[in-house]
There are 2 protein chains.
Amino acid sequence: MTKRAMLSKDHPCRSCDVSAEALCRALDVETLADFRNQGGRLHLTAGQTLFHQGDPADCVFSLTSGVVKLYAILSDGRRQIVAFLFPGDFVGFETQQSHGFAAEAIGDTTLCRVLKRRFEWFVDHYPALAEARYRRAAAELAIAQERMVTLGRQTAAERLAGFLSDIQRRAGFRGRDGANLVPLPMSRGDIADYLGLTKETVSRELTNLRKARVIRSHSLTLIEILDPRGIGALACGLAA
Amino acid sequence: MTKRAMLSKDHPCRSCDVSAEALCRALDVETLADFRNQGGRLHLTAGQTLFHQGDPADCVFSLTSGVVKLYAILSDGRRQIVAFLFPGDFVGFETQQSHGFAAEAIGDTTLCRVLKRRFEWFVDHYPALAEARYRRAAAELAIAQERMVTLGRQTAAERLAGFLSDIQRRAGFRGRDGANLVPLPMSRGDIADYLGLTKETVSRELTNLRKARVIRSHSLTLIEILDPRGIGALACGLAA
DNA sequence: CGGTGAATTGAATCGCGTCAATTGACGTGG
DNA sequence: CCACGTCAATTGACGCGATTCAATTCACCG
């Protein structure tokens with residue numbers, strides 16, 4: 001009987017199977033249960049926003065299923081998606097008082113919510129959690145810096161190739177025939193706003209990759225990578 | 001007599017007048033002295049590199065004077081400057097084993113160096129330092145995310161305006177006549193590689209701003225902002 | 001089956017990049 | 001102190017990659 005099994009039968013964390021990277025994994029099981037009871041569960045459907053740009057940042061969230069986009073909107077409507085969040089990712093643990101970005105669910109989504117004050121109490125009392133929070137922030141920073149290179153210096157084809165291998169690494173899976181499958185739950189417009197392109201350019205580059213037999217589309221939201229080395233070569237040393 | 005004065009007369013930290021944001025400010029004075037003795041001073045002249053992309057990351061550095069650029073180079077020579085570091089900024093406190101970016105001095109530069117292992121010992125023993133380190137990482141992350149918006153969605157004019165108000169906030173000062181002076185110690189090429197443009201475009205946009213009487217050049221490396229609201233309007237809601 | 005919204009494709013345009021020439025800043029040696 | 005050399009910055013002419021605008025085409029759902 002593992003420690004994990006000691007959680008009460010209906011405890012949500014019991015079935016929470018997110019990546020071992022999740023922050024809460026820094027807590028031992030009893031503390032985790034305690035921590036978890038501080039918060040609540042949250043369900044969102046496609047297009048619902050978790051918070052808007054400028055909203056007070058008084059909660060932290062842990063994504064347990066679904067995909068969330070984090071974005072900024074400029075006064076004239078231009079939009080930049082700063083990150084896609086996958087299960088296991090955290091949101092809202094910045095130090096500012098208000099959210100610098102908006103967060104919106106892409107499909108059906110489940111999150112754990114904890115009041116930031118409570119979260120910080122745990123951080124103060126459990127060094128392992130503080131450490132995990134720091135490591136997470138540092139990792140996000142490294143990712144953000146890589147993305148600066150992409151957005152500042154890469155061509156459309158390179159951006160798309162990098163994006164696909166990124167998603168493949170984070171959410172890709174194998175088909176029963178061993179196929180290298182990559183889900184694309186977000187719209188072409190979302191991909192464009194993530195890569196600093198337009199949806200038309202994203203579409204064109206996808207057909208280029210298709211014509212070059214580097215990828216194959218199973219549906220609009222599921223592609224297969226036929227030539228991983230081709231993708232890697234295009235991604236040009238980044239996101240190896 | 002302040003606590004600070006208790007540092008021995010020749011102690012480098014005594015004259016270290018970097019921003020109160022510097023990480024070492026999280027330590028009390030005796031500990032600071034102890035901490036400081038772990039490391040050494042380092043001088044670089046223009047163009048000297050602190051470390052290369054891929055070098056083992058076994059030291060942390062605190063910039064006490066000068067300006068340093070942090071950048072990535074792609075296989076075909078394209079370059080993206082990820083950050084300019086000013087006095088008070090820290091480098092190298094990422095969690096990875098090796099540096100993801102290169103660091104190079106722009107002019108004469110002084111740094112404090114501490115072995116990362118030593119630094120981490122202090123982090124483990126002084127919660128205030130751990131807290132400061134986290135806050136710094138979180139702040140850097142927020143800045144990096146703002147820069148994604150700039151690099152992904154802003155025009156050349158907006159990028160330059162945002163850059164100038166950025167530098168003004170971090171390194172700007174007042175002339176004796178109250179002039180709003182901004183130093184530009186880095187080359188046009190550096191600015192271009194920071195903003196995801198070319199040096200020619202940077203130059204053109206600077207002359208546009210000059211013709212629009214928004215800025216005035218005192219020399220190649222010192223400009224005056226004549227119309228801060230004009231700059232702010234161009235920067236388009238970002239970097240307010 | 002329509003009908004609706006997203007994705008794709010095509011054609012024209014434009015902002016920025018590229019390449020080349022000129023100007024300017026600054027140090028050096030006569 | 002001035003002439004010259006060097007290298008960065010500026011300016012100009014032109015080209016290209018990505019955007020914009022406008023059709024289709026496609027996927028999906030009542």
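Every value quoted in this text rests on a predicted model; they were computed, and no experiment measured them. Chain letters run A, B, ... following the sequence lines, proteins first, then strands; residues in each count from 1.
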Shortest side-chain distance from L220(A), nucleotide among dT20(D), dT18(C), dA7(C): dA7(C)
Length of the CG-P vector between L151(B) and dG15(C), whole Å: 20 Å
Aromatic plane relationship, F51(B) with H99(B) - under 30° parallel, 30 to 60° tilted, over 60° perpendicular: parallel
Protein-nucleotide distance (N208(B), atom CG; dT10(D), atom P), rounded to Å: 12 Å
N/O (side chain, R159(B)) to phosphate O (OP1/OP2, dC16(C)) under 4.0 Å: no
Nearest-nucleotide 5' precedence on DNA chain D, K199(B) against E205(A): K199(B)
Residue closer to the 5' end of DNA chain C, T207(A) versus A156(B) (nearest nucleotide): T207(A)
Short side-chain to backbone donor-acceptor contact, T109(A) and G107(A), under 3.5 Å: yes
Qualifying residues under side chain to side chain donor-acceptor pair (under 3.5 Å), relative to Q145(B), sequence neighbours excluded: none
Spacing of I215(B) atom CD1 relative to dA9(D) atom P, expressed in whole Å: 14 Å
Smallest separation among heavy atoms of V214(B) and G230(B), with atom names: CG1-C, 4.5 Å
Pair of N/O donor and acceptor under 3.5 Å linking dC21(D) base with E200(A) side chain: yes
R204(B), nearest nucleotide to its side chain (from dA9(D), dG10(C), dG17(C)): dG17(C)
Y194(A) six-ring face occupied by R147(A) cation (under 6.0 Å, within 45°): yes
Rounded distance in Å - CZ (R210(B)) to C1' (dA9(D)): 9 Å
Integer-rounded Å distance: dC16(C) P and R153(B) CZ: 13 Å
Whole-Å distance separating the CG atom of L197(A) from the P atom of dG15(C): 18 Å
Axial cation check for F84(B) ring with R170(B), 6.0 Å and 45° limits: no
Strand-adjacent residues in residues 180-195 of chain B, judged by heavy atoms under 4.0 Å from DNA chain C: none
R159(A) side-chain N/O to Q154(A) backbone N/O, donor-acceptor pair under 3.5 Å: yes
Whole angstrom value for the distance that separates P of dG17(D) from CZ of R78(B): 13 Å
